[in-house]
S.K.: 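Mind having a look at this structure? Questions to follow.
Remember, it's a predicted structure, so these values are computed and weren't measured experimentally. Every chain is numbered from 1 and lettered A, B, ... according to where its sequence line falls, protein lines coming before strand lines.
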Amino acid sequence: MSIKVAGDFLGLLAEHKLAPLSAGQGSHLPPVTQATTVFAFHFRDGVLMAGDRRATAGNVIVTDQVEKVLEIDSESLLAIAGVPATAFEMARVLQTSFEYYRRSQLQSLSLKAKVRALARLLRDNIPMAMQGVGIVVPLFAGIDRNSHPAEAKIFFYDPLGAQFQAVGNASSGSGSGTIRSVMAFEERYGSPRPSEMSLPQAVQFALRLLMTASEFDSATGGVNPETDTFATLKILTLEGVTTISNSDQKRFLRQEATTS
Amino acid sequence: MTEEPYRWLEAVANRREYVKDQLKGGSPVFAVSLNAGILFFGVGTGQSKIFEIFDRHAMGAIGHPADIEKMRQAAIDVAHMEAFTRAADDVTLKRLVSFALSPQLKNQFEQIFSAPILVEILLAELGRAPSEDLLVRLHFDGSFELKRGGISVITLDPQTERNACDWLSSQVNAATPIQEAIKRCRDAWTILKLGKNFQEIPGPEILEQSWKKESVDREMELGFLDRNTTKPSRFRSLEAGVEK
């Protein structure tokens, strides 16, 4: 007798033979759209998650309008790096799964379970990743209501699905190497440190990081207030998720940072 | 027995009586379409009568808890499968009821050798305006009625249900504030529990006393499909008009 796990949306899809992310067969590899800089760090009020908006295929810029930081539910964010086709499908599966669980079980999924749900999708995606056409290395942030007091946490993954909690920050994508060093430096010697920054300071810092990444990585879209080119920035706090609009990004980038 | 039409009809009629008898004493549920959204009102034991189904959809029910759960789960499964395979905008209450819930109830009711589903259901879909809201009364035998906006009630007697609807419609309209609508639903619930005819409404003091007496050891269950939020999920649980 098979045992059904309550509130398992992937199980429901499998019952109807609609399981997503199943590996296809074939030896011809199409041009793969990828490359990115996404990162997340703790600031005074919660977590800021940011991503550039460029998608590339080889040396071709496909678009500069991609949203790589996605609200999965009112208490979790996903930043995608890798192949958008797979990453967006993972995001869609997570969004539906978390809501399905909340509505059917009349309670929210715990943060640990959310983190593992993404790990499970990455593991299911290993055949595609091994073929070189579906690699995804995401970041995840969510509110842990079971810790006392409740707090926002950041997690990063490897392509095989291993999950790790980030202490201060995490980054992913082709431009992440550049900014990882900057974030580590600022966390040790900065004044204020990213974890002590106010919202305007954190937004300014995030935009400057993306500008720096784009100087060294052609696959990372830049931030340019003169051409109204901005990033995707989302804030996760105990009150929920908010998106920093382009006009706010412009304002924060130009204003003098204060520690208040 | 099923080979003989008369005996089959008799069995179904008996079954109808049995279901109505089993549902007797169920606590009424109300849905009111307001400018701000759709209010669900019920009195139960907490998360027992009013439920979120999907982004713009909610459900109220009376009946056996296991059967309410069965239908609630069926509605949630179908809505999420539809949203995942197509899109959230393609989840519509009319299709949910016509092609999923109603056939399931009808089949179960007419299979006279298996247990019927003991449930009466009220579903709502939030539109852009009260006139676009859809309220659906779904009965234990799979029959259903659709209604645009206004008020819908679950009781066990069609005439009582009409009376309750008419009385509430005279007290509440789309412009009524949520708190006021909750009070009027509470009054209607009390009148129904007292078994009074809606032609003779008890005074406010008697209603208040009766409410306290009838609702002892129970709690008000309030759900609200919010028309003004920008979040995809419009449903909120309320506590006497205040978000929980």
S.K.: NZ of B:Lys231: more than 12 outside heavy atoms within 6.0 angstrom?
M.R.: yes

S.K.: Of the listed residues (B:Thr85, B:Asp77, B:Asp55), which shares the most heavy-atom pairs with chain A below a 4.5 Å separation?
M.R.: B:Asp77

S.K.: Taking side chain as everything from C-beta outward and backbone as N, CA, C, O, which of these in B:Gln73 sits under 4.5 Å from a heavy atom of chain A? Side chain, backbone, both or neither.
M.R.: side chain

S.K.: At a heavy-atom separation under 4.5 Å, does B:Phe51 approach chain A through its side chain, its backbone, both, or neither?
M.R.: side chain

S.K.: Sort A:Glu71 into side chain, backbone, both or neither according to what part of it lies under 4.5 angstrom from a heavy atom of chain B.
M.R.: side chain

S.K.: Just checking B:Phe235 against B:Phe224, ring centres under 6.0 Å apart?
M.R.: no

S.K.: If you draw a 6.0 Å radius around NZ in B:Lys147, do more than 12 non-hydrogen atoms from other residues or ligands fall strictly inside?
M.R.: yes

S.K.: Evaluate B:Thr45 against B:Glu219 for side-chain hydrogen bond (donor to acceptor under 3.5 Å, both in side chains), listing each step before the verdict.
M.R.: CA-CA 6 Å; B:Thr45 54; B:Glu219 64 179 79; over 6 Å; no

